[in-house]
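Residue numbers start from 1 in every chain, and the chains themselves are labelled A, B, ... in the order their sequence lines are given, proteins ahead of strands. Given the structure is predicted, the values throughout are model-derived calculations rather than measurements.
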There are 2 protein chains.
Amino acid sequence: MSAQEANDVLERLCNLQRMEARAFGLRYGLQPVQMEALTYLTQCNRYSNTPQAVAEYLGLTKGTVSQSLKVLEQKGFLRKQADNEDKRIVRLAPTTKGSNLAKKALFTRSLEPALAKTDSIKIAELTSALRSILRGMQQVHGRKAFGACHTCRFNENHEKNGYVCGLTREPLSVQDIQLICREHQYPH
Amino acid sequence: MSAQEANDVLERLCNLQRMEARAFGLRYGLQPVQMEALTYLTQCNRYSNTPQAVAEYLGLTKGTVSQSLKVLEQKGFLRKQADNEDKRIVRLAPTTKGSNLAKKALFTRSLEPALAKTDSIKIAELTSALRSILRGMQQVHGRKAFGACHTCRFNENHEKNGYVCGLTREPLSVQDIQLICREHQYPH
DNA sequence: TCCAATTAGTTTCGACTCAATACTAATTTT
DNA sequence: AAAATTAGTATTGAGTCGAAACTAATTGGA
């Protein structure tokens with residue numbers, strides 16, 4: 001019964017976020033899905049900046065996403081560059097114009113004002129509750145997590161020697177582990 | 001800084017919910033926006049079951065919504081009927097087929113399994129935190145609340161004599177006050 | 001009382017999203 | 001070396017969307 005209540009509020013909140021995202025994008029001539037792709041690309045790590053990853057993140061087909069990315073490129077919000085090692089792969093990098101817009105979008109629909117009165121301990125609790133819901137939903141529906149490395153079970157903290165990704169064995173900086181990864185998995 | 005974290009998780013959660021909603025609707029030949037309208041109509045009260053209210057709820061123009069509703073009617077998910085008092089107004093009532101589908105959709109993306117391990121006190125806290133975020137976001141962006149009557153400042157509890165809406169002066173049943181209202185306003 | 005303004009809803013149009021399908025090219029597997 | 005897989009693009013048709021023009025009912029003044 002209580003879960004139903006939480007459901008409704010969450011649903012409405014999602015709706016509202018989407019409304020604002022739509023309105024924001026419209027002001028800059030971008031469709032909601034284009035804004036979302038751009039935002040993702042400013043937040044993802046170097047393993048996750050491909051059209052395929054964007055498609056997985058947004059839950060759309062790669063054909064659909066390909067078109068949106070084309071528009072973003074034409075409008076100068078991102079650049080495409082072929083990968084050096086695997087020439088099938090396209091790397092997507094937001095331009096300065098693109099990342100500025102994404103930053104502005106994030107700021108506009110920040111929870112900051114809405115959380116202003118809430119103390120930081122409560123916010124931490126809220127975040128962890130939301131995270132556990134997210135994890136649960138992803139498990140139930142078999143979706144990828146797309147979390148940041150610092151919450152990933154493959155991320156290894158080698159203390160003074162920094163962080164290492166257990167999948168690629170590559171070292172990760174403090175900034176790296178804040179980014180979204182398509183290979184992300186929560187601890188068991 | 002912590003608000004940023006909550007933001008990200010919430011964003012991803014919204015994304016995921018939308019992906020599931022899309023996938024669910026697709027299985028029944030309905031577009032996401034049509035599912036949302038149908039779901040709204042099974043949850044709203046008798047002041048809020050019009051095309052205009054649906055448009056406000058979804059943040060779309062009435063022209064756009066009019067088309068979606070036409071499809072829903074053609075496919076037999078809802079019925080339109082003219083209002084008796086004001087003949088401009090169209091009342092939208094989900095058919096049995098429609099409300100069954102909406103129920104199924106709600107069940108499919110219920111938070112229940114994700115919250116299974118969480119105790120009910122925590123869930124109540126989570127809900128109230130989400131509600132305060134929702135309220136904050138609505139204030140910041142000047143949107144309507146669309147909450148249920150029991151959280152509305154116009155709702156009067158006359159104890160043994162039941163509930164009354166302070167706007168319409170109409171009596172409301174225990175079921176009524178669980179429904180979504182377009183006139184909803186949180187207490188000051 | 002009657003005409004203007006407002007309100008609820010529909011229709012039409014053009015730009016755009018989206019899934020499905022078919023396609024190219026690079027890489028991996030056998 | 002051929003077959004299978006993987007990453008991405010192009011095309012097509014159904015459908016969303018906002019804007020604008022429209023109808024019809026109601027309200028509000030003079």
B:Leu60 and A:Arg22: which non-hydrogen atoms are nearest, and at how many Å? CD2-NE, 4.0 Å

Can you tell me how far C1' of D:dA19 sits from CG of B:Leu60, to the nearest Å? 14 Å

Scan for salt bridge (charged side-chain N to carboxylate O under 4.0 Å, His left out) pairs involving residues 7-17 of chain A, sequence neighbours excluded, and state none if there are none. A:Glu11-B:Arg109

Around atom OH of A:Tyr163, are there more than 12 heavy atoms of other residues, nucleotides or ligands at under 6.0 Å? no

Closest to the 5' end of DNA chain C, once B:Thr64 and A:Gln67 are matched to their nearest nucleotides, is B:Thr64

Salt bridge or not between A:Arg18 and A:Glu36? Use side-chain N to carboxylate O under 4.0 Å. no

Test item: A:Leu130 and A:Leu134 side chains (from C-beta on) under 4.5 Å apart, heavy atoms: no

Is the shortest side-chain heavy-atom distance between A:Leu92 and A:Leu72 below 4.5 Å? no

B:Leu69 CG to D:dC17 C1', straight-line distance once rounded to whole Å: 14 Å

Which residues in residues 20-48 of chain A have at least one heavy atom lying under 4.0 Å from any atom of DNA chain C? A:Gln31, A:Val33, A:Gln34

Salt bridge (Lys or Arg N to Asp or Glu O under 4.0 Å) filter on A:Arg27, not counting sequence neighbours, yields none

Determine which pairs satisfy salt bridge (charged side-chain N to carboxylate O under 4.0 Å, His left out) with at least one residue from residues 43-69 of chain A, sequence neighbours left out, and list them in order. A:Arg46-A:Glu170, A:Arg46-A:Asp176, A:Glu56-A:Lys144, A:Glu56-A:Arg182

Find the distance A:Gln52:CD to D:dT5:P and express it as a whole number of Å. 16 Å

Between D:dC17 (C1') and B:Leu58 (CG): distance, integer Å: 12 Å

Do A:Arg131 and B:Leu13 come close enough that some side-chain heavy atom pair is under 4.5 Å? no

Please name the pair of heavy atoms, one in A:Thr151 and one in A:Pro187, separated by the smallest distance, quoted to 0.1 Å. O-CD, 3.6 Å

Which residues in residues 83-90 of chain A have at least one heavy atom lying under 4.0 Å from any atom of DNA chain D? A:Arg88, A:Ile89, A:Val90

First and last nucleotide of DNA chain C, 5' to 3', lying under 4.0 Å from heavy atoms of chain B: C:dT7 to C:dA19

Indicate yes or no for a side-chain donor-acceptor contact from A:Thr95 to the backbone of A:Phe77 under 3.5 Å, with no hydrogens or angles considered. yes

